[in-house]
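For reference, the structure is listed below as structure tokens.
Numbers restart at 1 for each chain; the letters A, B, ... are given by sequence-line order, proteins then strands. Quick caveat: nothing in here was measured; it's all calculated off a predicted structure.
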Amino acid sequence: MTMDAPSDHLIEIRGLAYAHGARPIFKDLNLTIQRGKITAIMGPSGTGKTTLLRLITRQLIPDRGVIFVDGVDISMLNQTNLYKMRRRFGVLFQNGALLTDLSVFENVAFPLREHTRLTNRLIRHVVLTKLHAVGLRGAADMMPVQLSGGMERRVALARAMVMDPDILIYDEPFVGLDPISMGVIVRLVRRMNDALGISSILVSHDLQEISTVADCSFLISDGKVAASGSPAELNQTSSELVKQFMHGMADGPVAFHFEAPDYEEQLLGRDAE
Amino acid sequence: MFRDFYNTLKEFVRTFGAFQLFFLRLLQHSPSIFVKRFRLVVKQVYNAGALSLVIIMVCGFFIGGVLGLQGYSNLARFNAEDSVGAFAALALVKELGPVITALLFAGRAGTALASEIGLMKATDQLSAMEMMAVNPIRRVLVPRFLGGVISMPLLAAVFSTIGLLGAHVVSVNLLGVDAGAFWIQMQQSLDISDINEGIIKSVVFGIVASLLAVWEGYNAVPTAEGVGRATTRTVVNTAIAVLIFDFMITAFML
């Protein structure tokens, strides 16, 4: 099932199609995520970036197409092997998703307590190190409800790192962070990626931050990869769609408005009565 | 019309099948959680059981008091007011103890379970566990289910005991029934099979109430409205199921 030599391709997606109810999200998506790099996935809101993360981690199952993680087709895994694979992932959820009945310390310790037989002393050591990395060692005894949104996400980041995963997935890591913690987190993402040799996938709208941190980015639009390359390359591109996205223009191939009936018709027409 | 009926039936069969599968999954993980992670179960026994004690005891006392009043005034017509102890004990141990405890349990602990689990789902906590390779059914639902199953019979026993105390206070201390007659009549008429019936009922109701609560929470639509609806359905479905099971068990045990 596994390929012998580790290739550069960590995650390969071929011909992916997925529909949310009747609304198709991906039509024929192909992309390859390189090992040891920071890969950004960008796109206008509603293009299914979070859905893509859920497909990669098999929380959702594609309608068509295959997803390989390290050469293994993840749709073929049984639950034991799926859980084994998921232990290699660290995922930062969009809203943190901390366990609200546990303290900050216990939240970060949770994967260790579930999966390892480390002594309390050692767990304490590991957890405090990770909390220190996100600047929240002092908040260890607080409960998640006492934290601000940004702090919650930093705790969630510490939790995602605690098992030393091979692959870190960040869903909108920069939302709700003040400029100081944003700078720290960006450097942290970069440093972890390089020092520990892990691969990172991050979904974000934050062009500025992405261009400082990402090695490679994919712009997704209309269910397909619209453009790919390093952020600098994307900036130079001539494609209308990429230009519109990179420069934040309202007019262009991507419609700002969600599909709707004619504006004038709806306001003044027969519907109004 | 026929098509609608067919679809409803199909949906019902599908849900019922999923429900059974869910129950089997809970049972599958129960022994290992009980042995290896007993602490998680203890915490839930505290949440479902210990925290329900006050309401169970207050209700038990007043139900017992009502039994004392009714028993006294109705038995007095046959000059049998000394049998009020037997009357209250039979009613409490066989019927009212398990049934009312189950209904109160659904209202106090079942709703708490359903809304807690539903909210964990709505805030992605269950997905986060999935992503940490922790099975939420095993880690979250099984301890809560076991906590409920363990708590229910204990609560029913407390309810019956406090109920007898209430009956004693009303009939002996207030209405003047002889205390010796009260206890002797009770001992003579209450058989071990009556107590067994009460225990069997409370165990079954405990399984029913806990199972429905975790099922509704786990399958809640992950929105504020969905969690609210799941909570309501927990109480309604538990009440219906408990009364139906009560009838069936009583019929079998006669």
Taking atom [atom1] of [X] as the centre, report whether more than 12 heavy atoms of other residues, nucleotides or ligands fall under 6.0 Å from it.
X: B:Phe19; atom1: CZ; value: yes
X: B:Arg233; atom1: CZ; value: no
X: A:Asp141; atom1: CG; value: no
X: B:Phe22; atom1: CZ; value: yes
X: B:Arg25; atom1: CZ; value: no
X: B:Gln20; atom1: CD; value: yes
X: A:Phe68; atom1: CZ; value: yes

Pick from B:Val134, B:Thr123, B:Leu126 with the largest number of heavy-atom pairs that fall under 4.5 Å of chain A: B:Val134
Between B:Met120, B:Glu116, B:Arg139, which shows the greatest number of heavy-atom pairs under 4.5 Å with chain A? B:Arg139
Comparing A:Met163, A:Gln79, A:Arg159 against chain B, the one with the most heavy-atom pairs below 4.5 Å turns out to be A:Arg159
Charged N to carboxylate O under 4.0 angstrom, B:Arg37 versus A:Glu114? yes
Heavy atom to heavy atom, less than 4.5 Å: which residues from residues 96-105 of chain A reach chain B? A:Ala97, A:Leu98, A:Leu99, A:Thr100, A:Asp101
So which residues of residues 118-132 of chain A are in contact with chain B at a heavy-atom cut-off of under 4.5 Å? none
Cut-off 4.5 Å, heavy atoms of chain A, and the answer for B:Lys43 is side chain
In a check of side-chain contact (heavy atoms from CB on, under 4.5 Å) between A:Val91 and each of B:Met132, B:Met131, B:Glu130, which one passes? B:Met131
Heavy-atom closest pair, residues A:Phe93 and B:Asp124: CD2-OD2, 3.8 Å
Given 3.5 Å as the limit, does a donor-acceptor pair link the side chain of A:Arg87 with the main chain of B:Ala133, or not? no
Honestly, the part of A:Arg58 sitting under 4.5 Å from a heavy atom of chain B is neither
